[in-house]
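Structure first, then comments.
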Amino acid sequence: MSEFITKQKRSHYCGSLRAQDVGNEVILMGWVHRRRDLGGLIFVDLRDREGTIQVVFDPEQGPQAHELAHTIRNEFVLAIRGRVNQRPADMINTSMATGEVEVIADELDILNESSTPPFVLDGETEVSDNLLLKYRYLDLRRRDLQRNIILRSRVAAETRNFLQETGFIEVETPSLTKSTPEGARDYLVPSRVTPGSFYALPQSPQLFKQLLMISGFDKYYQIARCFRDEDLRADRQPEFTQIDMEMSFISEDDIIDIIERMMTHIFEACLGKTLTPPFPQLTYGEAISRYGRDNPDTRFALEIIDLTDIAGASEFRVFSETARNGGAIKALTIEDGASLSRKDLDALGEIVGPYGAKGVAWARVSEEGWTGSLAKFFDQEKRGLVEKRTDARPGAAILFVADTADVVHAALGALRVHLGNRLGLIDQGALAFTWITEFPMFEYSEAEKRYMTTHHPFTSPVAQDIPFLTTDPGRVRARAYDLVLNGSEIGGGSIRIHQSDVQSMVFEALGLGEDEVKMKFGFFLDALRYGTPPHGGIAFGLDRMIMIMAGAESIRDVIAFPKTAKATCLMSNAPSEVSADQLAELSLKII
RNA sequence: GGGGUCGUAGUUAAGUCGGUUAUAACGCCGGCCUGUCACGCCGGAGGCCGUGGGUUCGAGUCCCAUCGACCCCGCCA
């Protein structure tokens, strides 16, 4: 090994070299991305986090380095001293950022060898997720993944920059905290010192940030890790990160204004994209009736149209019975109906099936009238009424779903997104932010046979709805708001309850007994009595935000060490069994 | 908890109606090669067909169970 290079400092990142560096001596450290051994000349693409540069080993320029370079294999770690050389015009590689130049190696150190990697790191070969997750540290060498993780770091940094500048104070809250089984399932941590007692990992720092308002910090934030023991999805991990914020003496408008400025700052600084607040706002009711869900993708129109009155009066039995039973009949209109074949239309039932809908009925509109099995049930007058309301012109296809309102909305909401993707209605470069407001405070849970909060029990009801807390909880609106981006809920928050009597009424409406409340939230109700300022806040799912910013399809692509759909880590094999001694120490027994 | 897709050399895939020695590409190993950049050419090694059971004269292929990955519904205040 050459003593010379190892005592030197690295002078440049591989990926940073450009034409302006030509003629300079450089010292590079990096991984062998690819090796092309021509027998005489040897080319090595040397990679570091900034990119890749071609290194040339020429027997006439550096005989010893050239000799050693024969033994190089993929993913070896090298140190190279050499000179930056302008490539001749016909040898410029336009697909590389560094493609105008190369480094002629004078000296080579092999800093470490590498076993043959279990998969090719070219980023093009599809490799099974099992393997990628088992060797996550190798997968993380790939450019796309590195770019996502680096973007994530920048977004977190710019968030902090903005919030610090805006007068927010970052406070850390406990990870070992109290179980509050009102929301998601908790991850529990057994206490050694108090046998039989458990901490819970926080689902969010909700109560702590409200306590910080009571303490007078006025503007709080934290980039906080949260834990929820629920089943995973492509956009859901058991531990995830929130940009968590809380402010005193503010209204909905103040929060919306700060967040719009924060998002504008982050997207400008991290993506160079200019946002134009104010963002559009929809009430929850509007979102559901027009888009079928409270996280509408507003990058494309294709809105849901209510046809219950017209279609319910048609001869079609399914429709008339649905209307008579208090259900809903709603539709989507595809302007270019020809883009879906009859077979395509018939297959749409599979899209709505999982949401409980029995199928999608359709009709094609043409100059001559309607075609499709639905046509014969609609007379001339009803066709006219439907066409007018759906704005369906000749060539269009109208897609109907009839069921309870909830099922219709869920089905058409999903169908709308499916068609938006499938028919290419979505501008992939667009950033469609939408605020959703006026959420209902409670939803009735058939499973639990009681009302559950739509957001969480600390959300303030709209003042004039407070009397309904005891009489008609379903009518109470919450002072809550979500921020939706491109059809994903990226954040949600509310103005909180700051009066202990209102807080008690909400717990009551949730069917929680006095003793239960005291046990779970007693410390918080106590705190509310000592001069709680009016306050509110919001929390953003950082992972989902990064996902959208990076154009990633899975949340795993923006988390360095993610878990599988069964919440395991294939690399470290967590979770795993522990020794009998450890269990005994915790007074635990496995049954 | 429910539904779906998938599992074959190191990797990605093919494998017909159940029938001879399970193919290919990439990777790996060896040789040749001084302007390659997915280098090229020649040669070679490499398989518990996820696992267990069953049907059959015979199973990668059919059946059952099981494990694992991914996606969706439920769930996620």
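Below, chains carry the letters A, B, ... as their sequence lines are ordered, and counting in each starts from 1.
Distance from the side chain of A/Pro354 is smallest to B/C72 among B/C26, B/C75, B/C72. Distance from the side chain of A/Arg233 is smallest for B/G74 among the nucleotides B/G74, B/G27, B/G35. When distances run from any side-chain atom of A/Met96 to the nucleotides B/C37, B/U36, B/C72, the shortest one goes to B/C37. Each of B/U12, B/G68, B/C33 was ranked by its minimum atom distance to the side chain of A/Val127; first place goes to B/U12. In the set B/U34, B/G68, B/G10, B/G10 carries the atom at the smallest distance from any side-chain atom of A/Pro118. Considering only side-chain atoms of A/Val120, the nucleotide from B/A69, B/C75, B/G27 that sits closest is B/G27.
Spacing between B/G52 and B/C57 at atom C1', rounded to whole Å, works out to 23 Å. For the C1' atom pair drawn from B/G40 and B/U34, the interatomic distance equals 13 Å after rounding to whole Å. Here the separation of B/C33 from B/G43, taken at their C1' atoms, is 15 Å to the nearest Å. On the P atoms, B/G47 is 12 Å away from B/A22, given to the nearest whole Å. Nucleotides B/A38 and B/G74 are separated by 46 Å at their P atoms, to the nearest Å.
Taking side-chain N and O atoms only, A/Thr568 has a distance below 4.0 Å to OP1 or OP2 of B/A69. The phosphate of B/U36 has neither OP1 nor OP2 within less than 4.0 Å of any side-chain N or O from A/Arg36. OP1 or OP2 of B/A38 has not a single side-chain nitrogen or oxygen of A/Arg34 nearer than 4.0 Å. Dashed line: the shortest gap from a side-chain N or O of A/Arg73 to OP1 or OP2 of B/G27 is not under 4.0 Å. For the OP1/OP2 pair of B/U36 and a distance below 4.0 Å, the side-chain nitrogens and oxygens of A/Arg35 include no atom meeting the criterion. Distances shown here put every side-chain N or O of A/Arg185 at or beyond 4.0 Å from the OP1 or OP2 atom of B/G74. A close approach under 4.0 Å does not occur between any side-chain nitrogen or oxygen of A/Ser128 and OP1 or OP2 of B/A69. Put simply, A/Arg556 has a side-chain N or O that comes within less than 4.0 Å of OP1 or OP2 on B/C70.
No donor-acceptor contact under 3.5 angstrom links the side chains of A/Gln242 and A/Ser204, judged on distance only. A/Asp244 and A/Tyr220 share a side-chain donor-acceptor pair at under 3.5 Å.
On a pure distance criterion of 3.5 Å, no polar donor-acceptor pair joins the side chain of A/Asp45 and the base of B/C37.
As a whole-Å value, the separation of A/Lys134 NZ from B/C70 C1' is 18 Å. Nucleotide B/U36 holds its C1' atom 16 Å from the CG atom of A/Leu46, rounded to whole Å. What separates CD of A/Glu75 from C1' of B/G10 is a distance of 15 Å, to the nearest Å. With rounding to whole Å, A/Phe57 atom CZ is found 19 Å from B/C33 atom P. Atom NE2 in A/His70 sits about 13 Å away from atom C1' in B/G31, given to the nearest Å. When the C1' atom of B/U11 is taken as reference, atom CG of A/Asp129 falls 14 Å away, rounded to whole Å. A/Ile104 places its CD1 atom 12 Å from the C1' atom of B/U34, with the value rounded to the nearest Å.
At the heavy-atom level, A/Pro59 lies under 4.0 Å from base atoms of the strands shown. Residue A/Asp231 is in base contact, counting any heavy-atom pair closer than 4.0 Å across all strands shown. Here A/Arg87 lies in heavy-atom contact (under 4.0 Å) with a base. Within 4.0 Å of A/Glu102, counting heavy atoms only, lies at least one base atom of the nucleic acid. The residue A/Leu131 sits close only to the backbone: its heavy atoms come under 4.0 Å of sugar-phosphate atoms, none of a base. Nucleic acid contact class of A/Thr459 (heavy atoms, under 4.0 Å, all strands): none. Backbone-only contact: A/Glu126 has heavy atoms under 4.0 Å from sugar-phosphate atoms and none from a base. Heavy atoms of A/Phe458 sit nowhere under 4.0 angstrom from any nucleic acid atom. Here A/Asn74 lies in heavy-atom contact (under 4.0 Å) with sugar-phosphate atoms only.
Using a 30° and 60° split on the angle between ring planes, A/Trp435 and A/Tyr481 fall in the perpendicular class, above 60°. Between A/His66 and A/His70, the two ring planes are perpendicular [angle over 60°; tilted spans 30° to 60°].
Considering OG of A/Ser554 and CD1 of A/Ile559, their distance stands at 8.0 Å, rounded to 0.5 Å.
Taking every heavy atom of both residues into account, A/Leu108 and A/Leu68 meet most closely at O-CD2, 3.6 Å. What you find for A/Met547 and A/Ala234 is that their closest heavy atoms are CE-O, 4.2 Å.
The nearest heavy atom of RNA chain B to A/Leu41 and to A/Arg544 marks one nucleotide each, and the one closer to the 5' end goes with A/Leu41. Residue whose closest nucleotide on RNA chain B sits further toward the 5' end, between A/Leu570 and A/Arg228: A/Leu570.
Stacking annotation: A/Phe119 is not stacked on the base of B/U11 (requires ring centroids less than 5.5 angstrom apart and an interplanar angle below 30 degrees).
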### Query
Passes salt bridge (charged side-chain N to carboxylate O under 4.0 Å, His left out), A/Arg35 versus A/Glu75? Steps please.
CA-CA 10 Å; A/Arg35 175 187 65 118; A/Glu75 301 306 320; over 6 Å; no
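Base pairing of B/C41 is made with B/G31, judged by Watson-Crick or G-U wobble geometry with both donor-acceptor distances under 3.5 Å.
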